[in-house]
Amino acid sequence: MFRFTCPHCGERDVVEFSYGGDASVVVPDLAAGEEAWFDAVYQRDNPRGPHVEYWHHVAGCRQWIRVERDTLTHEILACGPATGRMRPETGGEGA
Amino acid sequence: MSRYSVFSVLKGGLTGQTHWGRAWRDPEPKPEYDAIIIGGGGHGLATAYYLAKLHGMTNIAVLEKGWLGGGNTGRNTTIVRSNYMLEANAHFYEHSLKLWEGLSVDLNYNVMFSQRGVLNLAHSDAQMDAYARRGNAMRLNGIDAELLDREQVRRYAPVLDFSDSARFPIVGGLLQPRGGTARHDAVAWGLARGADSLGVDIIQNCEVTGFDIQGGAVKGVQTTRGAIKAEKIGMAVAGHTSQVAALAGLTLPIESHLLQAFVSEPLKPFIDGVVTFGAGHFYISQSDKGGLVFGGDLDGYNSYAQRGNLPLIEHLGEEGMALMPSIGRIRMLRHWAGVMDMSMDGSPIIGKTPIKGLYLNGGWCYGGFKATPGSGWVFAHTIAHDEPHWINRDLDLARFRDGRMVDERGAGPIPGHH
Ligand SMILES: Cc1cc2nc3c(=O)[nH]c(=O)nc-3n(C[C@H](O)[C@H](O)[C@H](O)COP(=O)(O)OP(=O)(O)OC[C@H]3O[C@@H](n4cnc5c(N)ncnc54)[C@H](O)[C@@H]3O)c2cc1C
Ligand SMILES: [Zn+2]
């Protein structure tokens, strides 16, 4: 199990959130061309370790948040609003 | 290799069954092979077996970082079926199912393939229409499919909830009678024994840590047991496909997710075939030892943890109770998880990479066990001829760039939704 510190609601259980995928993907400019769009839509680094990702607080404030989580240990490393700075998690728990 | 037969068992009875030798050798890696397969799961072992058996390539090695079948091959819920609608998947999985039908005899090893049927339940008229469409597509491709009404489903699986209070009343279902289950460990062991007897070196505790690539062509690998040369190298590492491909500088349309499976205490015969719930993601069958084997959705986020979390267990419990309340007092014995190589269109990738001599087998999502013999068969062909077989031609890596998705569910490029 893991819990996120939602920047708006505080510490909440993962069941209140829905996963939004890799947050390191940058949506290219509409005119950026096929290669940039192919990378953004299909290609993933898929790291085994720290991963920055979006979660939607569906059963809370309904805001999107950004989380840094270790995909190997499930440890939550940092949480923050979808845009803007993330705060390191101090009491973060692994699963 | 000594052949297994009833006579060897009877003869061994006279000497207290002490005559059994080891089923495959434990060789030291040679400095060079004609081909190397990375990953000693079912797919890697099947590839080596068919390379040796059908393509005369016997100077080859399978490199496995842990032990044989310690990956998803030994963690799955063993369902084998070919009930796909899209051409590319239908031909591939049906080819695999046909190989399953002869596998125990071919390997002289009982993989306990049991064609007990796979039934997908429908809980609405719209779902029945969708199943009729899929069943028709299957039959046009020469695959068996039967559309069952509610009464036929009741006869097939009377333990399901047919009462008036069922939360999602059963309307009917789509049955593939030739589908079923197999013994997962036996598949890895039988293929390993078969490949070894044809001269393949199976090397365990040997992790690939890098590639030797010169002028756009692969020349060998670095491993925890030294460098090994080969000009043909196949990757079959399932959940770790992105990691191994990254060692060769490749980025792939794959995310790794976790999938759990569960087994209950053993019961007397209770449910014959494999049944899948149609109002959620839950499926169940009964193993030969009597345990109910069940599973469902991914946990839902990228993970390499090989262990699951509790919310999904609760969710599956609820789905199971909605489908068959009679399981309510059965105790769960074990649960575990595996790392799933989820592709962007939900279909596998078997073919060439931009690097000459380097071949890719991955993106199996949660359905690659049933593909084991077929995957090895087409991957062996692809490696031997440096060209895909027509059966895996459309399951290539380039399809993502070219926009030729094979998206059975129409879920779009979100790996966790397939
Ligand atoms: C819970 C669960 C239920 C499932 N249920 C079903 C089902 O009912 N039906 C179905 O068809 N499929 C099912 N699957 C999917 C199926 O198990 C897999 O798709 C299939 O087993 C993949 O086989 P494989 O040989 O490619 O992978 P694996 O068996 O995972 O083998 C890959 C091997 O590569 C090795 N490896 C990784 N990295 C390296 C390296 N760097 N060097 C050397 N070796 C390396 C690993 O140790 C591993 O042994 C399920 C999976 C899970 C986890
Ligand atoms: Zn919130």
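Each chain gets a letter, A, B and so on, in the order the sequences are listed, and its residues count up from 1. Any value given below was found using the heavy atoms of this structure, including those in side chains, with hydrogens, waters and symmetry copies removed.
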Tell me, for [X] versus chain A, whether the close heavy atoms (under 4.5 Å) come from the side chain, the backbone, both or neither.
X: B:Gln243; value: side chain
X: B:Leu252; value: backbone
X: B:His315; value: neither
X: B:Ile414; value: neither
X: B:Met405; value: side chain

Inset, instruction - Apply the test side-chain contact (heavy atoms from CB on, under 4.5 Å) to residues B:Asn309 and A:His74: give CA-CA distance (whole Å), side-chain angles for both, the deciding distance (0.1 Å), then the verdict. - result: CA-CA 10 Å; B:Asn309 273 324; A:His74 291 176; 3.8 Å; yes
Inset, instruction - Look up atom OH in B:Tyr304 and atom CG in A:Leu72, then write down how far apart they are to the nearest 0.5 Å. - result: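 Atom-to-atom, B:Tyr304:OH and A:Leu72:CG are 9.5 Å apart.
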Legend entry - B:Trp336, CH2 atom: more than 12 neighbouring heavy atoms under 6.0 Å: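 Buried by this count: over 12 neighbours within 6.0 Å.
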Legend entry - Heavy atoms of other groups near B:Arg225 CZ, more than 12 under 6.0 Å: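 Atom CZ in B:Arg225 is crowded, with more than 12 foreign heavy atoms closer than 6.0 Å.
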Inset, instruction - Go through the side-chain N and O atoms of B:Ser256 and A:Asn46 and say whether any donor and acceptor fall under 3.5 Å apart. - result: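 Short answer, yes.
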Inset, instruction - Would you list the pairs meeting side chain to side chain donor-acceptor pair (under 3.5 Å) in which at least one residue belongs to residues 203-213 of chain B, sequence neighbours left out? - result: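 Checked against side chain to side chain donor-acceptor pair (under 3.5 Å) - neighbours excluded - the pairs reaching residues 203-213 of chain B are B:Asp212-B:Gln214.
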Legend entry - Qualifying side chain to side chain donor-acceptor pair (under 3.5 Å) pairs with a residue from residues 405-418 of chain B, counting only residues at least two apart or across chains: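 Qualifying pairs: B:Asn89-B:Glu408.
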Inset, instruction - Please flag which part of A:Val15 lies under 4.5 Å from any non-hydrogen atom of chain B: side chain, backbone, both or neither. - result: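 It is the side chain, since no backbone atom gets that close.
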Inset, instruction - Determine the option with the most heavy-atom pairs under 4.5 angstrom with chain B, choosing from A:Pro47, A:Gly21, A:Gly20, A:Ser18. - result: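 Heavy-atom pairs under 4.5 Å are most numerous for A:Pro47.
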Inset, instruction - Could you please state which residues from residues 26-40 of chain A sit under 4.5 angstrom from chain B, measuring non-hydrogen atom to non-hydrogen atom, sorted by number, or 'none'? - result: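 Residues in range: A:Glu35, A:Phe38.
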Inset, instruction - Would you please go through residues 49-58 of chain A and name the residues with a non-hydrogen atom below 4.5 Å from one of chain B, in numerical order? - result: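 The residues closer than 4.5 Å to chain B, in numerical order, are A:His51, A:Trp55.
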Legend entry - Option that, when pairs with chain A are counted at under 4.5 Å, heavy atom only, ranks first among B:Gly412, B:Gly403, B:Pro413: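 Between B:Gly412, B:Gly403, B:Pro413, the count favours B:Pro413.
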Inset, instruction - Of all the heavy-atom pairs spanning B:Ile254 and A:Arg44, show the shortest one and how long it is. - result: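 Minimum heavy-atom separation between B:Ile254 and A:Arg44: O-CB, 3.7 Å.
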Legend entry - Check: B:Tyr301 ring centre within less than 6.0 Å of A:Phe17 ring centre: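 No; A:Phe17 has its ring centre 6.0 Å or more from that of B:Tyr301.
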Inset, instruction - Say whether, by atom type as modelled, one donor and one acceptor occur between the side chain of A:Arg69 and the main chain of B:Asn302 under 3.5 angstrom. - result: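 Yes; at least one donor-acceptor contact below 3.5 Å.
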